Structure formats: structure tokens, C-alpha cells
Amino acid sequence: MFTTILFAPLIGAILAGFFHRGLGERGAMLVTSGLLVITALLSWVAFFQIDHSVARSITLFRWIDSGSMSVDWAIRVDTLTAVMLVVVTNVSAVVHVYSMGYMEEDPSKPRFFA
């Protein structure tokens, strides 16, 4: 779930930025806004599911593995992280949904949403 929260907006930005011609302007707006709304909902789920007394480390993948040295790329999830996930993803989702109507006449909508 945390990897989805972390990478869904990035995937939306890549899709809208590089493939907006195939998606169209409306498709780029819907993909990025939809992924941000999903991310905001998942951040609420994560906020209520984490143990607020213990910090967790979630390994995303192994970065360096050389002999006995092993370095992982991980994220640390504690109460502050959960609160900031909720705040940032909800504000971003609201801005994206509002901008869909606000930028109706703008010719560079895919670039903005990316």
C-alpha cells in the first residue's frame, strides 16, 4: 500500500507528460487526478492502520548488494509520516480536481497536470 501511495502520482505524471498525445488532454487530466484521489484515499487507510507508537521501515528494493554490505532503499513510516501523507495527498487531489474545471481553456493542460 505504501509503495502505491509513493509511486502512483509518479506514474500519473509520467503518463501525462510523455503519453498525453495518446491519452488526449481529458485523459491526461483524468489519469493524474484519478491516481491522486486513489492515493489520498490510501493515505487515509494507511493513517488508520499504522501503529502510532512504533515506527516501521518498509523496504522498497535492494539498492546496493556487494559482499557483506547490503543497502536497501526504504521508507520510514511513523505518525508524522502518516499525517503528512494525508495532508499532502488530500491537498494535491483537491487542487487537481479543481484545476480540471479552472484550466478548461488552457492549451497546456497535460503539461500542468504532469
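The structure presented is a predicted model; accordingly, all values stated were derived computationally and were not measured. Positions are given from 1 along the sequence.
When atom types are taken as modelled, the side chain of S57 and the backbone of V77 share no donor-acceptor pair closer than 3.5 angstrom. Between the side chain of S33 and the backbone N or O of L30, no donor-acceptor pair lies under 3.5 Å. T59 places no side-chain N or O within 3.5 Å of a backbone atom of D72 that could act as its donor or acceptor partner.
Of all non-hydrogen atoms in I50 and A82, the two that sit nearest each other are CD1-CB, 3.4 Å. Closest heavy-atom contact between N90 and S43: ND2-OG, 4.3 Å.
Distance check, rounded to the nearest 0.5 Å: CD1 of I11 to OG1 of T32 gives 13.0 Å. In this structure, CD1 on I75 lies 8.0 Å from OG1 on T81, to the nearest 0.5 angstrom. The distance from the NE2 atom of H20 to the CD atom of E25 is 8.0 Å, given to the nearest 0.5 Å. The line from CG of D51 to CG of D78 is 11.5 Å long, rounded to the nearest 0.5 Å.
By the rule that hydrophobic residues join a cluster once side-chain heavy atoms approach within less than 4.5 Å of another member, M1 and L10 end up as members of one cluster. Linking Ile, Leu, Val, Met, Phe, Trp and Tyr residues whenever their side-chain heavy atoms come within less than 4.5 Å leaves F2 and V54 in two separate clusters. Linking Ile, Leu, Val, Met, Phe, Trp and Tyr residues whenever their side-chain heavy atoms come within less than 4.5 Å places L6 and L35 in a single cluster. F48 and L41 are assigned to two separate hydrophobic clusters, defined by single-linkage of ILVMFWY side chains at heavy-atom distances under 4.5 Å.
Counting non-hydrogen atoms of neighbouring residues, nucleotides and ligands closer than 6.0 angstrom, the CZ atom of R26 reaches no more than 12 such neighbours. Surrounding CZ of F18 are at most 12 heavy atoms belonging to other residues, nucleotides or ligands under 6.0 Å away.
Put simply, the side chain of V86 does not reach to within 4.5 Å of the side chain of M84, judged on heavy atoms. Residues L42 and L85 are not in side-chain contact: their nearest non-hydrogen atoms beyond the backbone lie 4.5 Å or more apart.
Relative ring orientation between W44 and F47 is described as perpendicular, the plane-to-plane angle rising above 60° on a 0-90° scale split at 30° and 60°.
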Could you walk me through whether M29 and F112 pass side-chain contact (heavy atoms from CB on, under 4.5 Å), step by step?
CA-CA 9 Å; M29 289 189 302; F112 171 78; over 6 Å; no

Check the pair T89 / T39 against side chain to side chain donor-acceptor pair (under 3.5 Å), numbers first and verdict last.
CA-CA 7 Å; T89 58; T39 302; over 6 Å; no

Do any side-chain atoms of residues 91-103 form donor-acceptor pairs under 3.5 angstrom with protein atoms, and if so which ones, sequence neighbours left out?
residue	atom	partner	partner atom	Å
S92	OG	V88	O	2.8
S99	OG	V95	O	2.7

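The closest side-chain donor-acceptor pair between S70 and R62 falls under 3.5 angstrom.
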